Amino acid sequence: MRAGAYSWKSSAKAIDRLKTTSSEIRAVARTDPIAAAEGVIALAQRIWPAFEHIDTSSGALGNAVRRTLEELLPVLIKAPADEKIRAKWLEQLREAILDDGVDYLAPIADRFGQIAAFPALMNLHADRDLDMIQAAWSDHARFSHVTTATLTLSCLLEAGRYDELLVLLELKTSRLWFDQKFGAEALLRQGREDEALAYAESLLKDDRRQWGYQDIAQFCETILVRQGREEAAYRRFGLLTAAGNTYLAMWRGLVKRYPDLDARMILVDLIESHGSKGKWFAAAKTAKYFDIALECAAHPDAAPATLIRAARDFAITEPAFAAQVGLQAIGHLLAGRGYEPSPLDIDEAVTNVMAAAERIGQGDRLLRELQRLSANAATNVLMSARLKSRIADIERGDG
């Protein structure tokens, strides 16, 4: 973590170094929390000088820095340091924030008031640039950025200077969540929940979906849940903020957040609100809502490969379902859908369909279904020929 140590293409190396650093600091925190906190300070001071020349266009490094700092901030905030030590830390952090070229240290600025810990330090840093920020934000003829604005807002919030904070935010012509979240939190801490909700929700009513949309919706959702208005929270914000690496993860996450609501209803609502019905097949079949899964399987954006695997996996436990899913997969392949489809996919799908058919004693009916599919006009001629060949094998008793 030396200044200029990383070149333009060193993003992966820098991310790996951050992981190592975080592990080392958190390990030290168990036995020497002051030393660990000073490690966090040292890291903050080195991030920009070390990473200055790295290409950050992918966003991976920025996300890694944010994640690392969010992991380590509790170490800094909870360290048993006296006021004199914290005063020194705050000066070091303030200088690092001022020198930061791409706002890597935004998580530290966001929680600067918590890091300050002592009311005197909160007020000191709240007041230091307050006049400059007021002057900059009052000048509506030109835009002036103040690097220390966020840490000042954080200190005003933690010092309980809510009215000053709200008045200061009123000066800004642009209303963005990275500033306005402090105003919303100030209202909430005063017990003005409905006002805090309206304050945050007003930012969602812009024509364009602004930065921080997810965080704003989650803030509003939390307030409604606290008020016992769970259904309203779910309908107005929960569905909008469902997130996960997969559609199944989105559904599971929302079910976990709303355990009292019907899980099937949640799945249906997610499909309706987020679209791409075919891509919800895996979530529906894993949840064992097989009727919904079949509706998803019929949709054009369902992945044939996913359907083929499901037909194989359920051929024994849910053969009727497996057979229908396999037929849908074949229909999609004939229509030219799927990622890099192969005639071998037809072979596997037909095998799965007939295996399921044997379990339910409907071999003849499902063979007729295959014949019907083969008789229809197909976009993919190669797939159609392969299907007809497989049907002929089954009719001869070779399939």
Side-chain angles (χ1 to χ4, degrees), residues 245-252 263-264 267-268 270-272 275-399:
N245 294 328
T246 65
Y247 289 92
L248 177 60
M250 288 173 65
W251 172 73
R252 282 176 169 165
R264 178 188 173 92
L267 179 60
V268 171
L270 282 170
I271 294 171
E272 290 179 355
S276 301
K277 189 171 186 176
K279 298 184 185 300
W280 287 93
F281 170 79
K285 62 94 175 173
T286 302
K288 295 189 171 12
Y289 300 130
F290 296 120
D291 55 333
I292 299 176
L294 286 175
E295 292 177 11
C296 295
H299 201 271
D301 59 4
T306 301
L307 302 184
I308 291 169
R309 287 194 298 271
R312 177 199 65 202
D313 295 342
F314 285 88
I316 295 176
T317 58
E318 295 289 340
F321 169 72
Q324 292 303 313
V325 169
L327 291 174
Q328 292 291 354
I330 293 169
H332 290 313
L333 291 170
L334 294 175
R337 301 177 189 129
Y339 177 73
E340 295 184 353
S342 162
L344 295 176
D345 294 334
I346 286 286
D347 289 351
E348 186 177 357
V350 170
T351 298
N352 294 337
V353 168
M354 296 313 295
E358 184 177 351
R359 300 283 300 183
I360 56 178
Q362 294 187 14
D364 291 342
R365 183 183 71 79
L366 289 167
L367 177 59
R368 289 194 297 273
E369 286 294 319
L370 292 173
Q371 292 168 335
R372 181 185 61 79
L373 286 171
S374 69
N376 294 336
T379 300
N380 192 314
V381 177
L382 187 61
M383 293 290 183
S384 180
R386 189 66 168 221
L387 177 59
K388 289 175 181 177
S389 173
R390 290 291 288 115
I391 290 172
D393 290 342
I394 294 171
E395 291 173 335
R396 289 195 304 270
D398 298 333

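All figures in this text were calculated on a predicted structure; none of them were measured in a lab.
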| request: Could you tell me the separation between the CD1 atom of Ile271 and the NZ atom of Lys277, rounded to the nearest 0.5 Å? | output: 6.5 Å
| query | Quick one: does Ser374's side chain have a donor or acceptor within less than 3.5 Å of a partner on Gln371's backbone? | reply | yes
| task | Would you check, one step at a time, whether the test side-chain contact (heavy atoms from CB on, under 4.5 Å) holds for Glu295 with Val268? | result | CA-CA 11 Å; Glu295 292 177 11; Val268 171; over 6 Å; no
| query | Is the side chain of Asn352 donor-acceptor paired with the backbone N or O of Ile308 at a distance under 3.5 Å, no angle test? | reply | yes
| Asn245 CG: over 12 foreign heavy atoms closer than 6.0 Å | no
| message | I need the full list of side chain to side chain donor-acceptor pair (under 3.5 Å) pairs touching residues 334-343, with sequence neighbours left out, sorted by first then second residue. | response | His332-Arg337
| task | Determine whether Trp280 and Met250 make a side-chain contact, defined as any pair of heavy atoms from C-beta on separated by less than 4.5 Å. | result | yes
| remark: Exactly one of Arg359, Arg365, Glu358 clears side-chain hydrogen bond (donor to acceptor under 3.5 Å, both in side chains) with Gln362, and that residue is Arg365
| request: Determine the minimum heavy-atom distance between Cys296 and Ala302, stating which atoms define it. | output: O-CB, 3.6 Å
| Under 4.5 Å between any side-chain heavy atoms of Thr351 and Arg312, yes or no? | no
| From Asp345 atom CG to Arg386 atom CZ, the distance as rounded to the nearest 0.5 Å | 10.0 Å
| query | Any donor-acceptor pair under 3.5 Å linking the side chain of Trp251 with the backbone of Ala284? | reply | no
| query | Are side-chain heavy atoms of Leu370 and Arg390 found at a separation under 4.5 Å? | reply | no
| query | Out of curiosity, Leu294 CG to Phe281 CZ, how far, rounded to the nearest 0.5 Å? | reply | 7.5 Å
| task | Could you tell me the separation between the CG atom of Leu366 and the CZ atom of Arg372, rounded to the nearest 0.5 Å? | result | 11.0 Å
| message | Using the side-chain contact (heavy atoms from CB on, under 4.5 Å) definition, which of the options Asp347, Ile346, Val353 pairs with Val350? | response | Ile346
| query | What are the two closest non-hydrogen atoms of Pro304 and Ala329, and how far apart are they? | reply | O-CB, 3.9 Å
| query | Given the rule in the side-chain contact (heavy atoms from CB on, under 4.5 Å) test, do Thr306 and Lys279 qualify, once you have shown the distances and angles that lead to the verdict? | reply | CA-CA 9 Å; Thr306 301; Lys279 298 184 185 300; over 6 Å; no
| Just how far is it from atom OG of Ser384 to atom CD1 of Ile330, taken to the nearest 0.5 Å? | 11.5 Å
| said: Quick check for you: to the nearest 0.5 Å, what is the distance between Leu373 atom CG and Leu334 atom CG? | reply: 6.0 Å
